[in-house]
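This report concerns only the one structure given below.
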Amino acid sequence: MHPLHNAGVIVTGASRGLGRALAEALALQGARLLLIARTDADLQVVVDGIRAAGGVAHGLAIDIGAPDAAARIAGAAAQLIGPVRGIVHNASSLGPLPLRPLLDLTGDDFLGVLQVNLLGPFRLTRALAGAMALDGGGWIVHISSDAAVEGYPTWGAYGVSKAALDHLGRIWAEELRDQGVRFLIVDPGEMDTQMHADAMPDADPEQLARPADVAQRLIPLILEHPTGARHTISEVA
């Protein structure tokens, strides 16, 4: 039996792109899924597809950046999938489009990105990691970006939020190491997604990775990685 069989797993940003691909890959391994996204109609398409293939999935339409999102997600998880063994923090915001220099962002623009990309994951981990530790441990994935380590013009708010998310994962890893809660930080690379098209509309989709392929390479990392490790999918054999 696969180690993910019957494990309760939450995936944020699950209505499209890598979040959707990961949800579908996790479902094939038998995980019980609670999928989070802002748009109910798009999310229900993913849920229905997983169920039609024999998987277990539930959807909750909510903005992960909302202050009450973590409590609502934790409550829904307890009712729908039981003890949470894994969380994938995949939901992300680029901020105002087209991307623009930091000098052209307002404080509210910047805060909006931080709410989704950093504070949302912090709140959700805080809501669930304690129960994970008491119930035998678990794993939490932070989906990052090369913008976390490279200073790309116009990617300021996004890059800062992902750099902070990386370090948040490292600190959580050290603080919860002895409680059996493991953290993985993953840079999936450039993928053929709507978010990439929004950020870089002139990019050639044929030169980009497919989210489904990235998801397949990520599953073994979830099961085998040392806590606090950062991986770039393009470098994973």
Side-chain angles (χ1 to χ4, degrees), residues 11-26 35-39 41-43 45-46 49-50 63-65 88-106 108-118 120-121 141-169 184-222 229-237:
V11 181
T12 70
S15 64
R16 63 186 190 180
L18 181 59
R20 177 175 182 168
L22 272 173
E24 292 168 348
L26 289 162
L35 306 181
I36 311 301
R38 284 178 291 185
T39 306
D42 293 341
L43 185 60
V45 170
V46 182
I50 289 173
D63 181 353
I64 189 65
V88 180
H89 291 303
N90 170 74
S92 292
S93 171
L94 291 166
L97 295 170
L99 294 178
R100 59 199 67 173
L102 284 170
L103 284 175
D104 292 337
L105 295 180
T106 67
D108 286 343
D109 293 335
F110 198 86
L111 179 59
V113 175
L114 293 180
Q115 290 282 7
V116 173
N117 297 0
L118 181 64
V141 178
H142 288 191
I143 299 299
S144 185
S145 167
D146 64 336
V149 295
E150 299 289 343
Y152 296 125
T154 75
W155 288 76
Y158 180 83
V160 167
S161 71
K162 289 298 184 177
L165 185 69
D166 281 9
H167 204 50
L168 180 66
L184 172 65
I185 302 158
V186 178
D187 172 5
E190 295 189 79
M191 294 176 291
D192 182 14
T193 64
Q194 184 60 53
M195 176 174 278
H196 193 281
D198 289 341
M200 303 176 68
D202 296 330
D204 180 2
E206 294 301 318
Q207 302 301 314
L208 305 174
R210 302 294 181 263
D213 295 337
V214 173
Q216 289 300 321
R217 299 175 78 174
L218 208 161
I219 296 295
L221 289 178
I222 289 173
R230 190 184 198 278
H231 296 275
T232 300
I233 287 294
S234 62
E235 296 174 352
V236 177

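Numbers for residues simply follow the sequence, beginning at 1.
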Before giving the answer on side chain to side chain contact (heavy atoms under 4.5 Å, CB included), spell out for Leu94 and Leu99 the whole-Å C-alpha distance, their side-chain angles and the decisive distance to 0.1 Å.
CA-CA 8 Å; Leu94 291 166; Leu99 294 178; 4.1 Å; yes
Within the 4.5 Å heavy-atom criterion, are Ser15 and Thr39 side-chain neighbours or not?
no
Least distance between heavy atoms, Met191 atom then Pro211 atom:
SD-CA, 4.2 Å
Can you name the nearest heavy-atom pair linking Ser145 to Arg230, along with the distance?
O-NH2, 3.0 Å
Considering non-hydrogen atoms only, spot the tightest contact between Thr12 and Ala91 and give its length.
OG1-N, 2.9 Å
Check the pair Val113 / Leu105 against side chain to side chain contact (heavy atoms under 4.5 Å, CB included), numbers first and verdict last.
CA-CA 11 Å; Val113 175; Leu105 295 180; over 6 Å; no
Looking at Leu165 and Pro121, what are the two nearest heavy atoms and their distance?
CD1-CB, 3.8 Å
Beyond-backbone contact of Val149 with Asp187, side-chain heavy atoms, under 4.5 angstrom
no
Below 4.5 Å, heavy atoms only, C-beta onward: do Leu218 and Ile143 meet side chain to side chain?
yes
Mind checking the OG-CG spacing from Ser93 to Asp63? Nearest 0.5 Å is all I need.
8.5 Å
Considering non-hydrogen atoms only, spot the tightest contact between Val11 and Gly19 and give its length.
CG1-O, 3.8 Å
Atom CZ of Arg38: over 12 foreign heavy atoms under 6.0 Å
no
Answer yes or no: is there a side-chain heavy-atom contact under 4.5 Å between Gln115 and Leu111?
yes
Spacing of Asp109 atom CG and Asp104 atom CG [to the nearest 0.5 Å]:
9.5 Å
Indicate yes or no: at least one non-hydrogen side-chain atom of Arg20 is less than 4.5 angstrom from one of Asp42.
no
May I have the step-by-step check of side chain to side chain contact (heavy atoms under 4.5 Å, CB included) for Val160 and Leu118, ending in yes or no?
CA-CA 10 Å; Val160 167; Leu118 181 64; over 6 Å; no
Reported CD1-to-NE2 distance for the pair Ile185 and His167, which is rounded to 0.5 angstrom:
9.5 Å
Heavy-atom check, side chain of Val186 versus side chain of Val141, under 4.5 Å
yes
Please tabulate, one pair per line, all N/O donor-acceptor pairs under 3.5 Å involving side-chain atoms of residues 195-207, not counting sequence neighbours.
from: His196; atom 1: NE2; to: Glu190; atom 2: OE1; distance (Å): 2.7
from: Asp198; atom 1: OD1; to: Gln194; atom 2: NE2; distance (Å): 2.8
from: Asp204; atom 1: OD1; to: Glu206; atom 2: N; distance (Å): 3.0

N/O donor-acceptor pair under 3.5 Å between Arg210 side chain and Leu208 backbone
yes
Minimum-distance pair of heavy atoms, taken over all atoms of Ser144 and Pro188:
O-CD, 3.4 Å
Only one of Asp166, Asn90, Leu168 passes side-chain contact (heavy atoms from CB on, under 4.5 Å) with His142, and that residue is Leu168
For Asn117 and Ser161, does a side-chain donor sit closer than 3.5 Å to a side-chain acceptor?
yes
